[in-house]
Amino acid sequence: MKGEAGSRLQDEKPKQEGHIWGSMRRTAFILGSGLLLLVAFWNSVTWHLQRFWGASGHFWQAQWERLLFTFEGREWTLFVLGVTYLPALSFWSLNGLLLVVDTTGKPSFISRYRIQVGKNQPVDPVKLRRSIRTVLFNQLLISLPMVVFFYPILKLWRDPCRRELPTFHWFLLELAVFTLIEEVMFYYSHRLLHHPSLYKKIHKKHHEWTAPIGVISLYAHPFEHVVSNMLPAMVGPIVMGSHLSSIIMWSSLALIITTISHCGYHLPFLPSPEFHDYHHLKFNQCYGVLGVLDHFHGTDTLFRQTKAYERHILLLGFTPLSESIPDPPKME
């Protein structure tokens, strides 16, 4: 028996190594292909965007200098207001619209795009109120104090309220670095929170919603909100010594993307939420944001065997993907 077990272990080891190297090759192929495409279209796309950025640049520079004059000597206040108020406005504006659909079911055609059919129709009002209270607590009593301490840390590297606004190309570089850092930090902190010793006490709160809605993107235990929500988004601007304008745009974009990832609807012309929705459904798959590290570590293998994986694309029409790529019929 021992000999057979040892033989099986020896047979499995090369398979595991082959899986790891295969994942590395596939990841390298994806990243390499993406880089080639980026280089191919870089000059064309950025030329047009740079023209727009440059044409409006003088206007925004003038507005920024006017703000600096208004808050002269109180740049700390300008920073805190900018990093908290504008991203929060983006978050609640989008979630306000989604909550109308979640609580009333109107407009009814939106329901056709629901990922988990039959769930949250309508959403449980008691559960929703409890979640909104937690989100407000996290924003006001955790995010706000962290932003307050964020400012002096940034100033040690470079003043975020400096006079010159960043160039378009520099902001694109920052955005790439922010995204990479967030992917790495979120993936590993998220997997850590799924460890049995942490999941029950901390992360289980977020997973009360097996069929997520937009607003619960920030529904989390305070520890999780710091480690998995705030820090992955804050480290990038610290590393890059970013300007306040870059931080506001990045924070707003990050909140909009996480809302879409949790919204429960695969809507036309918006990023696909299928990946993270599947994580809420199954718990042990799809831990990251982009999916690159999931592919590398093999934590998306079950997901890639499902119809949800086939639907994990940008919807460029108005026919719901649940209709064009339906789930197989359930076995009775």
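What you see is a predicted model, and the numbers here were worked out from it, not measured in a lab.
- Under the 3.5 Å distance criterion, the side-chain polar atoms of Thr306 are matched with a main-chain donor or acceptor of Phe303.
- When all heavy atoms of Ile202 and His221 are compared, the closest pair comes out as O-CB, 3.5 Å.
- More than 12 non-hydrogen atoms from other residues, nucleotides or ligands lie less than 6.0 angstrom from CD of Glu323.
- Residues Leu314 and Ser272 fail the side-chain proximity criterion, which asks for heavy atoms closer than 4.5 Å.
- Remark: Glu310 CD to Asp327 CG distance equals 9.5 Å, nearest 0.5 Å.
- Side-chain contact, Thr319 with Ser324: no donor N or O sits under 3.5 Å from an acceptor N or O.
- By the criterion of side-chain heavy atoms lying less than 4.5 angstrom apart, applied directly or through intervening Ile, Leu, Val, Met, Phe, Trp or Tyr residues, Ile213 is not grouped with Tyr278; the two fall into different hydrophobic clusters.
- Between Trp157 and Ile238 there is no side-chain heavy-atom pair separated by less than 4.5 Å.
- Expressed to the nearest 0.5 Å, how far CD1 of Ile153 lies from NZ of Lys155 amounts to 13.5 Å.
- A distance of 10.5 Å separates OG1 in Thr210 from NZ in Lys282, rounded to the nearest 0.5 Å.
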Contacts table for residues 255-264: side-chain donor-acceptor under 3.5 angstrom, sequence neighbours left out:
{"unit_1": "Thr259", "atom_1": "OG1", "unit_2": "Asn95", "atom_2": "ND2", "d": "3.2"}
{"unit_1": "Thr259", "atom_1": "OG1", "unit_2": "Leu255", "atom_2": "O", "d": "2.8"}
{"unit_1": "Ser261", "atom_1": "OG", "unit_2": "Ile257", "atom_2": "O", "d": "3.0"}
{"unit_1": "His262", "atom_1": "ND1", "unit_2": "Thr258", "atom_2": "O", "d": "2.8"}
{"unit_1": "His262", "atom_1": "NE2", "unit_2": "His206", "atom_2": "NE2", "d": "3.3"}
{"unit_1": "His262", "atom_1": "NE2", "unit_2": "His276", "atom_2": "NE2", "d": "3.0"}

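- Considering every non-hydrogen atom in both Phe186 and Tyr287, the closest pair reads CE2-O, 3.1 Å.
- With hydrogens and angles disregarded, a donor-acceptor distance shorter than 3.5 Å links the side chain of Tyr113 to the backbone of Phe318.
- In this structure, Phe269 places its CZ atom where more than 12 heavy-atom neighbours from other residues, nucleotides or ligands lie under 6.0 Å away.
- Looking only at atom types and distance, the side chain of His266 has no donor-acceptor partner in the side chain of His312 under 3.5 Å away.
- Side-chain contact between Ser111 and Gln121 is present, with heavy atoms from C-beta onward closer than 4.5 Å.
- For the residue pair Tyr265/Arg114, the side-chain donor-acceptor check at 3.5 Å is satisfied.
- Between His190 and His203, the ring planes lie perpendicular to each other; the angle is over 60°, past the 30° to 60° tilted range.
- With hydrogens and angles left out, the side-chain atoms of Tyr151 and Glu75 include no donor and acceptor closer than 3.5 Å.
- With a 4.5 Å cut-off on side-chain heavy atoms, Val184 and Leu293 count as touching.
- Counting heavy atoms from C-beta outward, Glu208 and Lys204 have side chains that stay 4.5 Å or more apart.
- Remark: the backbone N or O of Lys200 is not paired with any side-chain donor or acceptor of Lys205 at under 3.5 angstrom.
- With a 4.5 Å cut-off on side-chain heavy atoms, Asn284 and His194 do not count as touching.
- Residue Leu154 is grouped with residue Val235 when hydrophobic side chains (ILVMFWY) are merged at heavy-atom distances under 4.5 angstrom, including chains of intermediate members.
- The cluster map of Ile, Leu, Val, Met, Phe, Trp and Tyr, joined by side-chain heavy atoms under 4.5 Å apart, puts Phe69 and Leu67 in different clusters.
- Atom-to-atom distance recorded for Leu99:CG and Thr104:OG1 is 10.0 Å, nearest 0.5 angstrom.
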Identify all side-chain donor-acceptor contacts of residues 172-180 below 3.5 Å with residues at least two apart in sequence or on another chain.
{"unit_1": "Glu174", "atom_1": "OE1", "unit_2": "Ser246", "atom_2": "OG", "d": "2.7"}
{"unit_1": "Glu174", "atom_1": "OE2", "unit_2": "Trp170", "atom_2": "NE1", "d": "3.3"}
{"unit_1": "Glu174", "atom_1": "OE2", "unit_2": "Ser242", "atom_2": "OG", "d": "2.7"}
{"unit_1": "Thr179", "atom_1": "OG1", "unit_2": "Leu175", "atom_2": "O", "d": "2.7"}

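- In this model, no donor atom of one side chain and acceptor atom of the other lie less than 3.5 Å apart for His297 and Thr299.
- A donor-acceptor pair shorter than 3.5 Å cannot be found between the side chains of Asn229 and Glu224.
- Checked by atom type and distance alone, the side chain of His243 never pairs as donor or acceptor with a backbone atom of Pro166 at under 3.5 Å.
- Side chains of Ser143 and Met230 form a contact here, defined as non-hydrogen atoms less than 4.5 Å apart.
- In terms of modelled atom types and a separation under 3.5 Å, the side chain of Trp250 and the main chain of Ala233 share a donor-acceptor contact.
- With 3.5 Å as the limit, one finds a donor-acceptor pair spanning the side chains of Gln139 and Trp92.
- No donor-acceptor pair under 3.5 Å is formed between the side chain of Asp294 and the backbone N or O of Asp300.
- Glu183 contributes a side-chain N or O that, together with a main-chain N or O of Val289, makes up a donor-acceptor pair within less than 3.5 Å.
- For Arg112 (side chain) and Ser108 (main-chain N/O), no donor-acceptor pair under 3.5 Å exists by modelled atom type.
- Counting heavy atoms from C-beta on, the side chains of Leu192 and Val227 never come closer than 4.5 Å.
- In the hydrophobic cluster analysis, where Ile, Leu, Val, Met, Phe, Trp and Tyr join through side-chain heavy atoms closer than 4.5 angstrom, Tyr187 is grouped apart from Phe275.
- Taking a 6.0 Å sphere around CZ of Phe71, one finds it holds more than 12 heavy atoms contributed by other residues, nucleotides or ligands.
- Gln61 places a side-chain N or O within donor-acceptor distance of the main-chain N or O of Leu165, the cut-off being under 3.5 Å.
- Tyr309 and Val292 end up in different hydrophobic clusters when Ile, Leu, Val, Met, Phe, Trp and Tyr side chains are linked at under 4.5 Å.
- When all heavy atoms of Gly214 and Leu98 are compared, the closest pair comes out as CA-CD1, 4.4 Å.
- A distance-only check finds a donor-acceptor pair linking the side chain of Arg162 to the backbone of Asp159 [under 3.5 Å].
- Note that the CG atom of Leu136 and the CG atom of Leu140 stand 6.0 Å from one another [nearest 0.5 Å].
- Counted by atom type alone, Gln285 and His279 present zero donor-acceptor pairs between their side chains at under 3.5 Å.
- The environment of CZ in Arg158 is sparse: at most 12 heavy-atom neighbours from other residues, nucleotides or ligands sit within 6.0 Å.
- Here Leu231 contributes atom CG and Ile181 contributes atom CD1; the two are 12.0 Å apart, rounded to the nearest 0.5 Å.
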